[in-house]
Engineer: 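Here you go, one structure.
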Amino acid sequence: MNVKSLFALLTLCVAAFTAPRASACSLVAYTGDSALVIVGRSLDWKTPIPTNLYVYPRGMQKVGNITSDAVKWTSRYGAVYAVSYDGGITEGMNEKGLAVNGLFCKGTVYVNDSTAGRPDMSLAVFIAWILDNNATTPEAVEALRKQEFSVSGATFDGGTNSTLHWAITDAEGRCAVLEYDHGNLRIYNDTVRVLTNDPTFPSMMAINDYWQGVGGKNMLPGTVKSPDRFVRASFFEKNVEKVADTPTGIAIARSLLMNVSVPYLYTVDGEPNVSSTQWRSFSNLRDRQYYFDMATHLGVVYIDLAKCNLAKGAPVMKLTMDKAVGAVGCANGILEPAAPFTPMY
């Protein structure tokens, strides 16, 4: 590496490690043996984000926004969604074993002059559109590359902009990262099985490459900042055993996420916007099981999507997490029929 390149990398690292943070999330895609793929993620925020789980059947007619030219579709696949504020889908998994997870990325810009004027797609249901219409990562990537709509979203939590990037993972373990860069959709395929927040993915990979040169056996960055979490998750994901059984796989995925989670109610003097982990999820793409772990609950619950009624005309089912404080294990029996959630377009 020449002096100019080294200086550019060091500048990037300093900017990334000192940038103010108001959000933090981490994702690790664990691949074991016998087609076991588990996508674990943490949702970190400065205040609690109420999140409930919804199971939607296939064959439902949906719209991407309330505008006259919004995207319209009929769902091909049933899915479980994690819906924050009962108004926007944060992530989910469909019956084909496709998972989509949204994480904050402050540099995101969704629209430019060339993409303006396309049919509308709200962030509140963007993940549903991906899960409802696609069975695999390559299929989703092909559909997204067409950029047939313009993405936008409402603010939340007192005016916070929903600047996101996404990880897509399928049952074969194929991964893609989606980022909007000044209105241009960038898609990165199968490069690394980890995602956190800022900076953007190419810059994060440069930071990770630096730390791979240092060697995780010698030193790993230990703060809760996004690049530090990315580096730790990437190192540990590469250095855990590959197992085939679900309980051990879930235990490994949980331990990976614990290593990059932020203590609940974490605070630092002079930094009012630091985040702490509110919940973690684990999408078992082989067995079609979606696990949910609230920081304030004693137990982990899961929805066995393979045993849900996803036929056209079946009712929407909901797991209200406030009612599941003491629940542990399979939660199919405590799902309740519910109206579809009302998107915060």
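Start at 1 with the first residue, then count along the sequence.
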Engineer: Please work out whether the ring planes of Trp166 and Tyr180 are parallel, tilted or perpendicular, with thresholds of 30° and 60°.
Structural biologist: perpendicular

Engineer: Which hydrophobic side chains are connected to Tyr264, either touching it within the sub-4.5 Å cutoff or through other members that do?
Structural biologist: Leu265

Engineer: Quick one, Ser75 with Asn94, criterion side-chain contact (heavy atoms from CB on, under 4.5 Å). Give me CA distance, side-chain angles, the key distance, then yes/no.
Structural biologist: CA-CA 11 Å; Ser75 58; Asn94 73 15; over 6 Å; no

Engineer: Has Asn218 got more than 12 heavy atoms of other residues, nucleotides or ligands less than 6.0 Å from its CG?
Structural biologist: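 Yes, the 6.0 Å shell around CG holds more than 12 heavy atoms from other groups.
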
Engineer: Nearest 0.5 Å, please: how far is CG in Asp44 from SG in Cys25?
Structural biologist: 5.5 Å

Engineer: In this structure, is the centre-to-centre distance between the rings of Tyr302 and Tyr290 below 6.0 Å?
Structural biologist: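 No, ring centres 6.0 Å or more apart.
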
Engineer: Would you mind checking if Asp132 and Lys62 are paired as a salt bridge, meaning a charged N to carboxylate O distance below 4.0 Å?
Structural biologist: yes

Engineer: List for me each residue that meets side chain to side chain donor-acceptor pair (under 3.5 Å) alongside Tyr291, sequence neighbours excluded, and say none if there are none.
Structural biologist: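 Residues passing side chain to side chain donor-acceptor pair (under 3.5 Å) with Tyr291: Gln289.
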
Engineer: Determine which pairs satisfy ring-ring contact (aromatic ring centres under 6.0 Å, His included) with at least one residue from residues 226-253, sequence neighbours left out, and list them in order.
Structural biologist: none

Engineer: Ignoring hydrogens and geometry, is there a side-chain-to-backbone donor-acceptor pair from Asp293 to Trp279 under 3.5 Å?
Structural biologist: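 Not a single qualifying donor-acceptor pair exists.
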
Engineer: Check Lys106, Lys225, Arg229 against Asp198 for a salt bridge (charged side-chain N to carboxylate O under 4.0 Å, His left out) and give me the one that passes.
Structural biologist: Lys106

Engineer: Could you measure the distance from the CG atom of Leu103 to the OG atom of Ser26? Nearest 0.5 Å is fine.
Structural biologist: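 Answer for the CG-OG pair, Leu103 versus Ser26, is 7.5 Å.
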
Engineer: Quick one: CG on Asn133 to CD on Glu139, what's the gap to the nearest 0.5 Å?
Structural biologist: 8.5 Å

Engineer: Between Asp181 and Arg186, is the closest basic N to carboxylate O distance under 4.0 Å?
Structural biologist: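 Here Arg186 pairs with Asp181 in a salt bridge, since their nearest N and O are under 4.0 Å apart.
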
Engineer: Check this for me, if you would: do Arg288 and Asp304 make a salt bridge, where the nitrogen-to-carboxylate-oxygen distance has to be below 4.0 angstrom?
Structural biologist: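 Salt bridge flag = no for Asp304 with Arg288.
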
Engineer: I'd like to know if the side chain of Ser84 reaches the main chain of Thr90, judged simply by a donor and an acceptor atom lying under 3.5 Å from each other, with no hydrogens or angles considered.
Structural biologist: no

Engineer: Determine the interplanar angle of the Phe149 and Trp129 rings, folded into 0 to 90°, and report it as parallel if under 30°, tilted if 30 to 60°, perpendicular if over 60°.
Structural biologist: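 Rings of Phe149 and Trp129: perpendicular, as their planes differ by over 60°.
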
Engineer: Please give me the minimum heavy-atom distance between Asp170 and Ala135, naming the atom from each residue.
Structural biologist: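 Closest pair (atom of Asp170, atom of Ala135, distance): CB-O, 4.5 Å.
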
Engineer: Given side chains that start at C-beta, do those of Leu305 and Leu310 come closer than 4.5 Å, heavy atoms only?
Structural biologist: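 They are in contact (side-chain heavy atoms under 4.5 Å apart), so the answer is yes.
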
Engineer: I need the minimum non-hydrogen distance between Arg232 and Val260, along with the two atoms involved.
Structural biologist: NH2-CA, 3.8 Å

Engineer: Of all residues at least two apart in sequence or in a different chain, which pass the ring pair (Phe, Tyr, Trp, His ring centres under 6.0 Å) check with Phe201?
Structural biologist: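 Only Tyr188 meet the ring pair (Phe, Tyr, Trp, His ring centres under 6.0 Å) criterion with Phe201.
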
Engineer: Identify the heavy atoms of Ser234 and Lys238 that sit nearest to each other, and give their distance.
Structural biologist: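 Closest heavy-atom pair between Ser234 and Lys238: OG-NZ, 3.0 Å.
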
Engineer: Kindly compute the distance separating CD1 (Ile127) from CD1 (Ile168), expressed to the nearest 0.5 Å.
Structural biologist: 9.0 Å

Engineer: Of all residues at least two apart in sequence or in a different chain, which pass the salt bridge (Lys or Arg N to Asp or Glu O under 4.0 Å) check with Arg41?
Structural biologist: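 Scan of Arg41 (salt bridge (Lys or Arg N to Asp or Glu O under 4.0 Å), adjacent residues dropped) gives Glu91.
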
Engineer: Hey, does the side chain of Ser283 reach the backbone of Leu285 with a donor-acceptor pair shorter than 3.5 angstrom?
Structural biologist: no

Engineer: For residues 318-343, which residue pairs qualify under ring-ring contact (aromatic ring centres under 6.0 Å, His included), counting only residues two or more places apart or in two chains?
Structural biologist: Tyr54-Phe341

Engineer: Could you tell me which non-hydrogen atom of Ser276 sits nearest to which non-hydrogen atom of Pro263, and how far apart they are?
Structural biologist: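 Looking at all heavy atoms of both residues, the shortest contact is CB-O, 2.9 Å.
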
